[in-house]
Structure formats: structure tokens, C-alpha cells
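Working notes for the structure below.
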Amino acid sequence: MTASEQVFADTIARDQRVEPRDWMPEAYRKTMIRQIAQHAHSEIIGMQPEGQWITRAPSLRRKAILLAKVQDEAGHGLYLYSAAETLGADRADLTRRLIDGRQKYSSIFNYPTPTFADVGVIGWLVDGAAICNQVPLCRSSFGPYARAMIRICKEESFHQRQGYELLITMMGGTAEQREMVQDAVNRWWWPSLMMFGPPDADSPNTAQSMAWKIKRHTNDELRQRFVDMSVPQAEALGVTLPDPELRWNSDRGHHDFGTPDWSELQRVISGGGLCNTERLARRRAADEDGAWVREAAAAHAARRQEAHP
Amino acid sequence: MTKEIKHEWPLFEVFVRAKRGLNHVHVGSLRAADHEMALHHARDLYTRRNEGVSIWVVRSDDVAASSPQDKDAFFAPSGDKVYRHPTYYSIPDSVPHI
């Protein structure tokens, strides 16, 4: 082991943070860039499913809340691109890789949002699952990522609560509104469980990521935690989670639950989800339509620089 | 990094003073065409929930930093100067207020 490798190993062993200018193994740098970029892309693409509802939200209060939430997603994407840039990545290059389909984003955002109840269920289940995933990442061994995650987790809590409150309101409405909530829960429950990734047995990178302390719990541990959290919340709301195998197991002290359709996850990841094409086309259009603004701002700044060097 | 990407907007480091009486603290970075735009973006990005009363932005290119590789040699001069600390000096317990 070289002296640099020893310093890196000691930093990880002592649970200290790796900082951008420290020496790190090339594989660690690459894995971190990929993880942070994929997370950033998810936040940016994640603006779309709910963004469509901003103009259609039923009251000024709901519009303002949704606008603030979607703005937060943009902010989270930018904190994360900032963290990726400390590793030598370039955010314009990362955006290009997203648009070209060379880098992924979370497959959850390839599902459609046909009713307003979807906005509530995304806040409750999708953001709830994201919080489960992200809270342990506040202790990621890579400093800039851990610090970005702390900011993000603080803000996600608002996202989850506004969603749950929206659903409570709808459940207190008409029979039709209650059906709408149940229908949205039926559609989002299984995809939310898939957000934690494949089962541990099929997750070959988990061991290395845990050794580097860039992952603190396995996919199955986090999935179990999410199920245990969600069951009493569903009960309080008065909805049924669409899993006939879901029941409390007093021996384990956890809920047993059914197996998600992993072939569906594979299909959506490889581009076969309902909205993959639409999401990327929208992101590409935003990039292309905004190009002249970025160029004009750069030209303006250059001209001012010439006039007042 | 591929060649066709133009770095039209430089990187800025952002520092936020959370409230009066505290130092500005580094919070992250962003891209902007110039300093004015960097300040506006920093406000939108890093102070959406009253996190700050003052913001500094600095071109990342303009930041000089010590190198982590030279850390030991660079900070060594203060390592052997224990007499800079008050606990180095023994004073009888009977002496008050010192």
C-alpha cells in the first residue's frame, strides 16, 4: 500500500470525511461522480411529473406550495452538481450525458401523474422513500456530498409533509376523491419499493460502496425500514397498501411484504417506462431553448469586462 | 470532458453569513456569467429559507489553497510550540482569577 493509499484508508477507517483535494483511488472518484450525477439528474428530471400540476393545482395555496417544492428540486440538483464539480466533473458535460442517455436518473420519474392525488402520493411515498435513502447519506465519506445531503434532507421533510397533508384533505372530501387517492397509492406503492434498487443478492456494488462508506445500509435494509414506516401512515390515512402479503411479523419485529416485479424495474431502467422518452425530450428542449439566453448573458459579461477591465 | 463544451459561465464559490455577528461560511458553488448574476443565483439557491443576511461570491479560479499533500510540513511549525497554549504554564491553585 502506498503512503497515499494508507492515508485514504485511515481516513475512511476513522470515519472522517474525504475532501476534494485529497488523494483518492480512481475507482472511488469515478463511483462518487456517477452516484452524485445520477442523484443530481434525478432531482432535475424529478421536477417534471409534479411541475405539470402547478398551473392546475386547485387553489392558490396549493399552487404556491407546489411551486416552492419544484423549485427546491431544482435547488437540490444544483447543490449536487456543485458537489460533483469538486471532483473535476463539469456540469455542462454531465447535462450532456443525461440528455444523450449515457447517465441515468431514478426510474421512479418515468411514471405518469394523471391525477392531482399523484402529487400527494409522490410527496408521501416517493419523497418518503427518498428520505429513507438519503438520511444515511448525510454520513457519506465524501464531504461535499454529505454536506449537500444535509441541506437536502432538511428540505425534503417539507416535501413529504405537504404531500401527506394534501392526502388527508382529499380523504376528507368526496367518495370520488378518496377513490382517487387509493388509485394513486395502488400505482405508486410498488415503484416506491423499487426506488431502493435491486435485492441485495443482485446488487454487486453494495459491498465495495459499504467498505468506502458511501453507502451505509443495504437496499433490502432500507426497503424494510420504509415499509415499516409507511404501514401506520397508510392506516392513519385510511388507505390500503396494495400487497396481500403485507403483515406484521412479531418474530422479526418487522412487516413481511411481497416481492416487487423486478422485471418491471429492469424494463423502466432500460428505457421502457411510460414516460422515459417524454422526460428526456423535455430536458433536451429546455437545454436547447435556453442556449441563446446563456450565450447572450456570457456575451454581455464579456463586453462589460472589456469596457471595465 | 469533451471538446465541444464551451465554458461560457465560470464557477463561483459562495459564502453566506447566517446572521449578524457570525462569519461568512462557504456553502457551495454555482455557475454564473458575472458577479452580479452569481449573487442573484446564490440568493435563489442558498437562501430560500432565510439562511442568510449577507452573501459573498468569489471566482473559483481566484481561490488559492494549501495542498493536502504538504499538509504535515505546512502546518508543522505550530506543532512543537506548546508554550503558545495557556495550559503550558503551571500556576499555584491558590492564585485566583488567572
Side-chain angles (χ1 to χ4, degrees), chain A residues 3-4 7-8 11 18-24 67-69 71-72 74-86 88-97 100 102 143-145 147-148 150-152 154-155 157-158 291-305 308, chain B residues 1-18 23-52 55-76:
Chain A
S4 305
V7 171
F8 176 81
T11 305
V18 177
E19 294 297 340
R21 287 162 55 84
D22 292 341
W23 182 89
M24 62 189 85
L67 196 59
K69 189 193 169 201
Q71 193 189 5
D72 272 353
H76 296 176
L78 295 179
Y79 302 155
L80 291 162
Y81 285 129
S82 164
E85 286 203 288
T86 66
D90 175 280
R91 71 180 80 185
D93 179 51
L94 296 177
T95 296
R96 178 58 48 198
R97 286 169 189 271
D100 292 347
R102 284 180 287 154
Y145 188 49
R147 294 191 284 274
I150 290 170
R151 298 183 73 90
I152 289 173
K154 274 187 197 160
E155 300 181 353
S157 170
F158 139 61
W292 72 269
V293 180
R294 297 194 298 274
E295 284 161 21
H300 175 69
R303 192 164 308 161
R304 282 227 304 212
Q305 183 68 29
H308 312 280
Chain B
M1 239 179 289
T2 48
K3 218 170 177 185
E4 70 269 19
I5 292 160
K6 284 186 284 177
H7 293 269
E8 288 160 292
W9 287 9
L11 196 62
F12 289 82
E13 301 300 323
V14 181
F15 301 78
V16 172
R17 184 200 292 286
N23 290 320
H24 285 77
V25 173
H26 182 248
V27 291
S29 67
L30 50 77
R31 295 259 170 192
D34 56 25
H35 287 91
E36 193 186 341
M37 186 191 275
L39 279 173
H40 281 114
H41 284 180
R43 178 204 54 196
D44 293 342
L45 186 55
Y46 291 106
T47 63
R48 286 196 303 283
R49 289 176 175 79
N50 309 313
E51 291 96 333
I55 299 174
W56 291 346
V57 292
V58 181
R59 280 279 298 260
S60 306
D61 294 346
D62 291 334
V63 175
S66 63
S67 156
Q69 279 80 26
D70 306 337
K71 176 166 65 79
D72 294 342
F74 192 74
F75 292 107

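Contact record, B:Met37 with A:Ala297: CE-CB, 3.6 Å, taken as the closest heavy-atom pair. What you find for B:Ser29 and A:Arg91 is that their closest heavy atoms are OG-NH2, 3.8 Å.
Side-chain contact between B:Val27 and A:Tyr79 is absent, with no heavy-atom pair separated by less than 4.5 Å. A heavy-atom distance below 4.5 Å is not found between the side chains of A:Arg294 and B:Arg31.
Between the side chain of A:Arg151 and the backbone N or O of B:Tyr46 there is at least one donor-acceptor pair closer than 3.5 Å.
The distance from atom CG of B:Asp44 to atom CD of A:Gln71, rounded to the nearest 0.5 Å, is 6.5 Å. Taking CD of B:Glu36 as the start and CZ of A:Arg304 as the end, the distance is 5.5 Å to the nearest 0.5 Å.
By the 6.0 Å contact criterion, CG on B:Asp61 is enclosed, its count of non-hydrogen atoms from other residues, nucleotides or ligands being greater than 12. The number of heavy atoms from other shown groups lying within 6.0 Å of CH2 (B:Trp56) does not exceed 12. Heavy-atom neighbours of B:Asn23 CG from other residues, nucleotides or ligands within 6.0 Å: at or below the threshold of 12.
For the pair A:Lys154 and B:Glu51, the salt-bridge criterion is not met [side-chain N within less than 4.0 Å of a carboxylate O].
Contacts between B:Ala32 and chain A at a heavy-atom distance below 4.5 Å are absent for every atom of the residue. Only the side chain of A:Glu85 comes within contact range of chain B, judged by heavy atoms closer than 4.5 Å.
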